[in-house]
*Asks:* 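Quick one: structure below, then a few questions.
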Amino acid sequence: MTMNGATKLDGKVALVTGGSRGIGAAVALRLAEDGADVALTYQGGAELAEEVAAKITAMGRRGWAVRADSADPQEVQAVVTAVAERFGRLDVLVNNAGVGVLGLIGELPLDDVDRVLEVNVRAPFLFAQAAAAHLADGGRIVTIGSCIAKRVAFPGATLYATSKAALIGLTKALARELGPRGITANVLHPGPIDTDMNPADGPDAGFQSGLTALGRFGTGADIAGAVAFLVGEDGRYVTGAELAVDGGFAA
Ligand code: NDP
């Protein structure tokens, strides 16, 4: 916060997908702390999503939790329109919702392949497409990729790595296309982050920690801080970039 009480994202409106828990919840709260009004999507976790929205409201911002299944193109389009209408504008899209499915290539059923590609790839594409119609000059798109897109350090990640690597192409192409409108697009690659998807006390947590340079898991707040940088004023000349926030996993 500055001396006169203005915060960095005052007057901005952000949409965070998958904001009910984990990284998305931390990002939603951080952007609200920095001054933004924040809408967040969820699929099943209504109660948790409402709690995040209530915390945002308690900070004096507008918070809104909306059920929207990333796998449903109609719901994706509808939620973007609804947020822009309700809040009167859209400045920031954080493509965070994702699913982690691991398995050897011979053992991955088509249903899993479809679900992961729908939620992790098609949805960020469709969210960006829908958001591009509303984002103003100075708009920001941040997509949550994965350190696995850069370094596949163990077997069983063909599907997940495929989905996350696709987001690099999406980001670079968005940067080129939206740059003339003053909109940036970046992809952030988290390392192992302590969430429901990847608990720091899970069975292979020690193995994952050992793959990082820092020797430990990160937190949602670690990712949220980097998102805050990318969407804030200091991130204005960063676009088409990949930012690793991974404790050195890819080093
Ligand atoms: P969590 O499983 O803890 O949370 C996932 C979030 O996404 C929840 O809010 C969930 O909503 C939402 N979500 C999942 N599927 C859908 C869907 N179909 N429609 C709408 N919302 C959905 O995951 P993380 O916080 O760990 O992961 C967030 C992102 O970070 C993902 O893209 C993940 O791939 C990526 N990532 C995570 C890493 C980690 O180690 N944790 C490492 C690298 C990348 P609901 O509560 O309703 O289910």
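Residues take their numbers from the sequence shown, with the count starting at 1.
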*Asks:* Just so I know, are the side chains of Lys172 and Val187 near enough to count as touching, which here means a heavy-atom distance under 4.5 Å?
*Replies:*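 They are not in contact (no side-chain heavy atoms under 4.5 Å apart), so the answer is no.
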*Asks:* Can you check whether Val80 reaches Leu15 side chain to side chain, under 4.5 Å on heavy atoms?
*Replies:*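 The answer is yes, as the side chains (C-beta and beyond) meet within the 4.5 Å cut-off.
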*Asks:* Name all residues meeting the salt bridge (charged side-chain N to carboxylate O under 4.0 Å, His left out) criterion together with Arg86; count only those two or more places apart in sequence or in a different chain, and write none if there are none.
*Replies:*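 Arg86 satisfies salt bridge (charged side-chain N to carboxylate O under 4.0 Å, His left out) with no other residue.
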*Asks:* Give every donor-acceptor pair under 3.5 Å between a side-chain atom in residues 132-139 and any protein atom, sequence neighbours left out.
*Replies:*
none

*Asks:* Take Lys164 and Asn120 through the side-chain contact (heavy atoms from CB on, under 4.5 Å) test and state the conclusion after the steps.
*Replies:* CA-CA 7 Å; Lys164 291 301 187 178; Asn120 290 10; 4.1 Å; yes
*Asks:* If you define the side chain from C-beta out and look only at heavy atoms, does anything of Thr57 sit under 4.5 Å from Arg61?
*Replies:*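 Side chain of Thr57 against side chain of Arg61, heavy atoms only: no contact under 4.5 Å found.
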*Asks:* Just jot down the salt bridge (charged side-chain N to carboxylate O under 4.0 Å, His left out) partners of Arg62, sequence neighbours excluded, or say none.
*Replies:*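 With sequence neighbours excluded, Arg62 shows a salt bridge (charged side-chain N to carboxylate O under 4.0 Å, His left out) to Asp37, given in chain and number order.
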*Asks:* Tell me whether Asn96 contacts the main-chain N or O of Val16 through its side chain, where contact means a donor paired with an acceptor under 3.5 Å.
*Replies:*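 No, the answer is negative, given that no donor and acceptor are paired below the 3.5 Å cut-off.
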*Asks:* With heavy-atom distances below 4.5 Å as the criterion, would you say the side chains of Val227 and Ile144 are in contact?
*Replies:*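 Yes. Closest side-chain heavy atoms under 4.5 Å.
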*Asks:* Looking only at heavy atoms, which two atoms of Ala250 and Arg151 are closest? And how far apart?
*Replies:*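 It is CA-CD, 4.1 Å.
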*Asks:* Can you hop from Tyr160 to Ile193 via hydrophobic side chains spaced under 4.5 Å?
*Replies:*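 No: no chain of side-chain contacts under 4.5 Å links Tyr160 to Ile193.
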*Asks:* Output the distance between atom CZ (Arg140) and atom CG (Leu178), rounded to the nearest 0.5 Å.
*Replies:*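 Those atoms lie 12.5 Å apart.
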*Asks:* Side-chain heavy atoms under 4.5 angstrom apart, residues restricted to Ile, Leu, Val, Met, Phe, Trp, Tyr: same cluster for Val79 and Val38?
*Replies:*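 No, separate clusters.
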*Asks:* Only one of Asn95, Leu170, Leu167 clears side chain to side chain contact (heavy atoms under 4.5 Å, CB included) with Phe125; which?
*Replies:*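 Single pass found, and it is Leu170.
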*Asks:* Under 4.0 Å between a Lys/Arg side-chain N and an Asp/Glu carboxylate O for Lys8 and Asp10?
*Replies:*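 Salt bridge: no.
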*Asks:* Given the rule that I, L, V, M, F, W and Y join up when any side-chain heavy atoms are under 4.5 Å apart, are Leu108 and Leu102 in one cluster?
*Replies:*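 No; tracing contacts between hydrophobic side chains, which count when under 4.5 Å, never links both residues.
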*Asks:* Can you tell me how far CD of Glu107 sits from OG1 of Thr158, rounded to the nearest 0.5 angstrom?
*Replies:*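 Going from OG1 on Thr158 over to CD on Glu107, the span is 10.0 Å.
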*Asks:* Could you check if a side-chain atom of Gln208 sits within less than 4.5 angstrom of a side-chain atom of Thr212, using non-hydrogen atoms only?
*Replies:*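 A side-chain contact is absent here, since even the closest heavy-atom pair is not under 4.5 Å.
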*Asks:* Kindly write out the residues that satisfy salt bridge (charged side-chain N to carboxylate O under 4.0 Å, His left out) with Arg67, not counting sequence neighbours, or none if the list is empty.
*Replies:*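 Partners of Arg67 by the salt bridge (charged side-chain N to carboxylate O under 4.0 Å, His left out) criterion, ordered by chain and then number, come out as Glu75.
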*Asks:* Say you draw a straight line from CG of Leu214 to CZ of Phe249; how long is it, rounded to the nearest 0.5 Å?
*Replies:*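 Atom-to-atom, Leu214:CG and Phe249:CZ are 13.0 Å apart.
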*Asks:* Please determine which of Val101, Ile148, Val121, Val99 meets the side chain to side chain contact (heavy atoms under 4.5 Å, CB included) test together with Ser163.
*Replies:*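 In the set Val101, Ile148, Val121, Val99, the residue that makes a side chain to side chain contact (heavy atoms under 4.5 Å, CB included) with Ser163 is Val121.
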*Asks:* To the nearest 0.5 Å, what is the distance between CG on Asp201 and CG on Asp194?
*Replies:*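 Going from the CG atom of Asp201 to the CG atom of Asp194 covers 7.0 Å.
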*Asks:* Does any non-hydrogen side-chain atom of Thr17 lie less than 4.5 Å from one of Val94?
*Replies:*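 No; the side chains remain at least 4.5 Å from each other.
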*Asks:* Find the distance between CG (Asp204) and CG (Leu211) and round it off to the nearest 0.5 Å.
*Replies:*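 One finds 9.0 Å between CG of Asp204 and CG of Leu211.
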*Asks:* Determine yes or no for a side-chain-to-main-chain donor-acceptor pair under 3.5 angstrom, with His189 supplying the side chain and Cys147 the backbone.
*Replies:*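 No: the side chain of His189 does not pair with the backbone of Cys147.
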*Asks:* Show the nearest heavy-atom pair for residues Ala14 and Leu31, with the distance to one decimal.
*Replies:*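 Minimum heavy-atom separation between Ala14 and Leu31: CB-CD1, 3.9 Å.
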*Asks:* Output side-chain donor-acceptor pairs under 3.5 Å for residues 41-53, partner residues at least two apart or in another chain, one line each.
*Replies:*
| unit_1 | atom_1 | unit_2 | atom_2 | d |
| --- | --- | --- | --- | --- |
| Thr41 | OG1 | Gly18 | N | 2.9 |

*Asks:* With rounding to the nearest 0.5 Å, note down the distance linking CG in Asp91 to CD1 in Ile183.
*Replies:*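 Interatomic distance, Asp91 CG to Ile183 CD1, rounded to 0.5 Å: 10.0 Å.
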*Asks:* Heavy atoms only: give me the nearest Val92-Val231 pair and the separation to one decimal.
*Replies:*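 Answer, listing the atom of Val92 first, then Val231: CG1-CG1, 3.7 Å.
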*Asks:* Considering all heavy atoms of both residues, which atom of Arg30 and which atom of Gly225 are nearest to each other, and what is their separation?
*Replies:*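 Result for this residue pair: NH1-CA, 3.5 Å.
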*Asks:* Would you please test Leu40 and Trp64 for side-chain contact (heavy atoms from CB on, under 4.5 Å) and show each step?
*Replies:* CA-CA 6 Å; Leu40 49 115; Trp64 191 29; over 6 Å; no
*Asks:* If you measure from the Lys or Arg side-chain nitrogens to the Asp or Glu carboxylate oxygens, is any gap between Asp111 and Arg115 under 4.0 Å?
*Replies:*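 Judged by the 4.0 Å cut-off on N to carboxylate O distance, Asp111 and Arg115 do not form a salt bridge.
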*Asks:* In terms of hydrophobic clusters joined by side-chain contacts under 4.5 Å, are Phe229 and Ile23 together?
*Replies:*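 Looking at the clustering, Ile23 is in the same group as Phe229.
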*Asks:* Which residue pairs pass the salt bridge (charged side-chain N to carboxylate O under 4.0 Å, His left out) test when at least one of the two sits in residues 239-251, sequence neighbours left out?
*Replies:*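 Passing the test, one end in residues 239-251: Lys150-Glu242.
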*Asks:* When hydrophobic residues are tied together by side-chain contacts of less than 4.5 Å, even through go-betweens, does Val119 share a cluster with Leu126?
*Replies:*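 Looking at the clustering, Leu126 is in a separate group from Val119.
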*Asks:* Can you list the steps and then say if Asn198 with Phe217 is a side-chain contact (heavy atoms from CB on, under 4.5 Å)?
*Replies:* CA-CA 10 Å; Asn198 190 13; Phe217 271 53; 3.8 Å; yes
*Asks:* Pair Ile141, Thr184 - check side-chain contact (heavy atoms from CB on, under 4.5 Å), show working.
*Replies:* CA-CA 6 Å; Ile141 299 175; Thr184 70; over 6 Å; no
*Asks:* Looking at every heavy atom in both Ser70 and Ala123, which two are closest together, and how far apart are they?
*Replies:*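 For Ser70 versus Ala123, the nearest heavy atoms are O-CB, 3.3 Å.
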*Asks:* Taking all non-hydrogen atoms of both residues, which atom of Ala157 and which atom of Val152 are closest, and how far apart?
*Replies:*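 Nearest pair, atom of Ala157 first, then Val152: CB-CG1, 4.0 Å.
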*Asks:* Counting C-beta onward and ignoring hydrogens, is there a side-chain heavy-atom pair between Leu188 and Ile223 closer than 4.5 Å?
*Replies:*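 They are in side-chain contact.
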